[in-house]
Amino acid sequence: MTTATSPRRTGGPDRPSGAAGGSPQKHPLLNRIFGKHPLGLIFSAPYLVFIAIVFAYPLGLAVWIAFHDFYFTAPGVPVDRPFVGFDNFRTALTDPDVWQAFGNVGIFLLINVPLTVVLSLVLANGLNQITRFRTFLRVAYYVPYVTASVAVVGVWLFLFNGNGLVNEILGPLAPSPSWLINSTWAMPTIALFVTWKQLGLYILLYLAALQNVQQELYESASTDGAGKVRQFFSVTVPGVRPATLLVLLLSTVTGANLFTEPYLLTGGGGPNGSSASPVLIMYQRGLEQGNPDVAAAIGVILIVLVLILAYLQNRFAGERN
Amino acid sequence: MSTKTPRTRRTLATASAAALALVAVTACSSGGDGGGGGNGGGGGEEGRGDITVWYSNNEQEVAWAEQMIEAWNADNPDQQVEGQEIPAGASSEEVIGAAITAGNAPCLIYNTAPVAVPQFQKQGGLVSLSEFEDGDEYIEERSGETAAQYASEDGAYYQMPWKSNPVMLFYNKDMFEAAGLDAENPSLATYDDFLAASKEIVDKGIAPNAINPAPTSEFFQSWFDFYPMYAAETGGTQLVEDGASTFTSEDGYAVAELWKTMYDEGYSSREQYQGDSFADGQSAMATVGPWAIGVYDDVNWGAVPVPTSDGIAPSETYTFSDAKNIGLYTACENQATAWDLLKFSTSEEQDGQLLELTGQMPLRANLTETYPEFFEENPAYELFGDQASRTVEVPNVPNAVTVWQTFRDAYSEAVIFGEGDIQSSFEDAATEIDELVSE
Amino acid sequence: MRNTMSKGQRTLRGVVLALGAFVFLFPFYYMIVGSLQESPDPTVGGAFPNPGNLTGENYADINARINLFQGLLNSGIFTGAVILGTVVFGILVGYALAQLQWRGRGVTFSIALLVQIVPFQLLLIPLYVLIARDYGLADSYLGMILPFAINSTAVIIFRQYFLQIPKELFDAARIDGATELKLLTSVALPLVRPALVTVMLLTFIGPWNEFLWPFLITKEADLQPLAVSLANYISNVAATAANPFGAVLAGACVLAAPAVLLFIAFQRYFISTDIGSGVKG
């Protein structure tokens with residue numbers, strides 16, 4: 001937590017610390033307490049207050065709930081809420097549905113995340129190079145993202161139905177039972193749906209990042225005789241690495257928080273729970289069935305797993321520089 | 001750019017530390033808050049004054065509620081009622097649950113699902129109507145024997161039995177005719193009849209499916225495939241009785257086997273249909289209550305009691321009630337007014353209005369005798385009026401929603417998708433359910 | 001430099017982009033066609049508008065049941081306030097996280113990440129109790145807006161873009177004696193304009209399509225945003241409509257149309273090459 005104030009680390013090679021404002025000399029005490037730019041804290045104060053109010057308190061309560069025998073009651077109803085240690089976690093982890101749901105999300109992420117990163121970078125790169133139809137294409141890619149899930153789910157159901165358009169075109173190649181009621185295909189179909197739905201956002205992020213890749217790099221690569229494909233891998237891909245990290249993180253988090261799609265697309269995680277997600281199980285246990293303590297335990301497990309995953313992504317995707 | 005990556009990594013590494021810190025800080029404060037101190041909710045049974053009520057947002061019920069409130073407000077200027085809509089869908093229980101917790105539930109909700117009552121009661125959200133002097137008497141006199149199914153485990157009523165939608169088997173007369181079946185007196189009394197009719201319809205390509213109950217996994221879906229037929233087969237047994245599940249019986253297996261055959265033979269679809277397959281002419285039969293009559297305007301339909309293996313006589317066939325009740329919530333300050341409004345809105349006159357405006361059956365003893373004119377003018381409803389006297393409700397047991405979800409999961413696996421053996425799936429579910437209800 | 005691409009490569013690029021556009025647009029197109037159909041047609045032929053099967057009925061039905069104007073207005077207030085809050089405060093935090101050194105910066109960024117990770121369903125009831133009971137904000141715009149007021153994803157994106165601005169620009173301005181606020185408004189902001197529009201659109205989507213929260217917090221129909229009334233319509237009323245499928249799709253189109261139109265109107269602000277020229281001086 002003290003990294004920001006440590007002069008040893010902030011004075012990187014491309015960041016001459018002497019030039020970064022004269023404030024350190026003016027308020028030594030203030031700076032020792034709040035860091036080199038106390039203004040940063042003032043800038044962030046509204047956000048921090050907001051977080052404390054609408055995020056920290058409910059999250060803290062949720063974690064507290066996970067360690068107690070808890071259910072929601074009307075105000076003023078006296079109930080005993082004993083501390084039960086890891087009991088709720090034990091209940092959650094001995095439930096095969098919970099394991100299945102985490103496994104399902106694993107499958108989802110394995111399909112969705114690589115597909116998202118590759119497709120959005122390739123499409124953004126292509127889009128960046130052309131001038132004709134650019135507006136049209138940009139709108140096209142963004143439209144699914146703009147539309148509410150509730151709305152587009154209807155179309156997908158219709159398309160991927162047993163006698164829907166997709167199977168009609170595939171003919172004998174169509175899986176049986178059809179996509180969304182096939183325990184093998186339900187999750188991949190959802191992963192595909194989410195990729196389709198979210199890709200517009202990631203294309204936008206990459207498009208904006210591509211503007212920052214310096215043209216000189218392409219020019220010098222070109223002079224060295226690199227073709228377009230080589231340039232893509234040696235200039236573009238490293239050039240947008242920060243955006244890639246962001247895309248990785250956001251798509252992983254979106255996947256881990258998967259709820260609306262199994263809820264609507266496969267009628268509550270069917271068939272036989274093969275498309276249930278941890279958040280769906282949380283919703284069932286916590287809100288439908290009145291066991292918020294077990295639901296909170298599942299939530300805590302989910303958060304910890306995602307944190308680990310995000311850490312690993314940063315470690316491996318970020319290190320190659 | 002080289003400095004960014006390590007910094008991102010470091011900050012991410014502190015994320016878990018930050019999470020723990022947050023928790024540590026907030027846990028102390030929330031401990032007390034979460035304990036449910038707060039300001040007192042119930043203003044008492046004596047209170048009189050303005051109140052708020054919620055009702056379902058479908059067009060017909062809104063019309064009924066608006067005229068009911070108008071009539072009340074005209075007579076009671078000092079005790080005005082304000083009405084608001086909540087959705088009829090699955091999310092209405094969440095909304096009510098959240099409102100109970102926050103202490104801002106209205107006085108009455110004319111859309112309280114019996115399956116949610118045990119939970120709302122456990123949350124301290126519902127007022128026991130039995131505590132009103134004339135509570136038990138009023139409920140039992142109005143609903144007769146049916147009322148007993150709505151009493152909670154402690155014997156008190158935490159819900160006013162209001163209206164039912166007894167589920168029957170609708171069939172499409174035109175399709176039956178096209179399939180060469182008797183459209184006026186269809187033979188649908190036994191399972192063999194039911195399967196034979198289904199076979200004709202599908203084999204002759206009259207409709208893609210014979211009947212299409214939702215094959216999805218929501219906890220309440222079993223109310224429209226398994227449960228009505230189970231109620232009929234057992235002559236009125238609930239899923240759980242006397243603290244033990246009842247469906248691991250010959251009757252339970254018979255119903256499950258029937259539906260398994262329906263799915264295996266393709267008479268029913270394992271895939272969810274968008275919209276109403278019966279109304280859209282995609283299936284020839286449907287298990288629904290009378291609310292749907294308005295929806296089936298374009299279909300030339302008939303209705304019969306759900307089938308049983310031996311063909312029990314219609315006058316003795318039970319079914320699932322699909323009732324919606326009225327709850328009086330503890331956050332209500334003017335409970336005396338609420339109780340009076342509750343009685344006013346379930347009076348003979350208002351029940352008649354309900355019947356007239358929504359086609360749903362007030363949970364009244366002697367329904368058909370009370371409103372002879374209505375049933376005379378609307379013969380389509382007469383069957384349902386009669387059926388309303390033989391309905392089975394969901395059991396009023398702890399963890400009711402979990403019980404149904406457990407059952408649905410087992411049913412979905414063994415019956416709809418035909419994986420594994422029905423008997424062992426049901427036995428596993430029964431063991432789990434017995435534990436749930438004994439908690 | 002652009003000419004180094006061979007003809008084959010250019011064709012391939014064109015094909016990939018066109019194919020992408022088709023895959024993206026087709027379900028949407030199908031949605032519009034479906035919403036105009038009198039009865040659903042799942043065959044390949046159903047993908048093409050058939051004059052004999054066209055009707056505006058599905059839309060007329062929605063208009064008859066929902067106060068579209070009031071819904072639109074509420075959605076506008078809800079979404080507008082969230083965008084305003086996110087842009088104003090998000091830029092401040094993003095800038096502070098990327099370009100300033102202060103104690104607590106690492107923790108703040110970690111929290112912004114953590115917010116992403118925590119599923120909303122976990123916080124739903126505690127949040128509702130807090131806002132409805134403790135703050136008494138049920139049935140108010142403020143209660144509706146509060147949980148969404150500053151989008152944390154936007155904070156992270158702002159930070160990301162402020163990070164990409166070369167330090168030298170700021171250092172030069174600081175030597176010239178510019179205050180931090182001036183640096184932010186006159187140096188940093190113009191350079192992250194693409195990010196600004198990206199963030200506005202990203203932030204727009206959340207409240208515009210959000211159903212559960214506004215619905216929980218408001219019971220007054222006059223306060224409910226379009227998404228709530230349309231979701232209600234889709235789940236309830238549509239089933240009783242003449243063509244339920246068409247009614248659902250028509251509802252979807254009504255909800256999507258303003259978002260798409262806004263996007264088309266503003267899309268030219270999206271990508272600006274200013275940042276490149278700015279860096280070069």
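Just so you know, these numbers use all the heavy atoms, side chains as well, and skip hydrogens, waters and symmetry mates. First the proteins, then the strands, lettered A, B, ... as listed; each starts at 1.
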**Prompt:** Checking heavy atoms, do the side chain of A:Asn291, its backbone, both or neither come under 4.5 Å from chain B?
**Reply:** side chain

**Asked** Which heavy atom in B:Gly124 sits nearest to a heavy atom in A:Ala74, and how many Å separate them?
**Response** O-CB, 3.4 Å

**Request:** Could you tell me whether the side chain of A:Thr73 reaches within less than 4.5 Å of the side chain of B:Ile100, counting heavy atoms only?
**Result:** no

**Gap between atom CD1 of A:Ile181 and atom CD of B:Glu271 - 0.5 Å precision** = 4.5 Å

**Message:** Nearest 0.5 Å, please: how far is OG1 in B:Thr402 from CZ in A:Arg285?
**Reply:** 7.5 Å

**Message:** With a 6.0 Å cut-off (strictly less than), is the heavy-atom count around CH2 of A:Trp185, excluding the residue itself, greater than 12?
**Reply:** no

**Prompt:** What part of A:Phe72 is in contact with chain B, defined as an atom under 4.5 angstrom from a non-hydrogen atom: side chain, backbone, both or neither?
**Reply:** both

**Item:** Reported CG-to-CZ distance for the pair A:Leu180 and B:Arg270, which is rounded to 0.5 angstrom
**Value:** 15.5 Å

**Request:** Give, for atom OH of A:Tyr263 and atom OG1 of B:Thr216, the distance between the pair rounded to the nearest 0.5 Å.
**Result:** 10.0 Å

**Request:** Name the region of B:Ala102, side chain, backbone, both or neither, that has any atom closer than 4.5 Å to a heavy atom of chain A.
**Result:** backbone

**Message:** Need one label for A:Phe83: side chain, backbone, both or neither, based on atoms under 4.5 Å from any heavy atom in chain B.
**Reply:** neither

**Message:** Apply side chain to side chain contact (heavy atoms under 4.5 Å, CB included) to residues A:Glu288 and B:Glu93 and explain how you reach the verdict.
**Reply:** CA-CA 7 Å; A:Glu288 280 186 356; B:Glu93 275 77 53; over 6 Å; no

**Request:** Please flag which part of A:Leu157 lies under 4.5 Å from any non-hydrogen atom of chain B: side chain, backbone, both or neither.
**Result:** side chain

**Message:** Does any backbone or side-chain atom of B:Gln119 lie under 4.5 Å from a heavy atom of chain A? Answer side chain, backbone, both or neither.
**Reply:** side chain

**Item:** Approximate separation, where rounding is to 0.5 Å, of B:Gln123 CD and A:Tyr71 OH
**Value:** 8.5 Å

**Prompt:** In Å and rounded to the nearest 0.5 Å, what is the CD to OG1 distance from A:Gln289 to B:Thr406?
**Reply:** 6.5 Å

**Message:** Less than 3.5 Å apart, any donor N or O on the side chain of A:Asn272 or B:Glu419 sitting next to an acceptor on the other?
**Reply:** yes

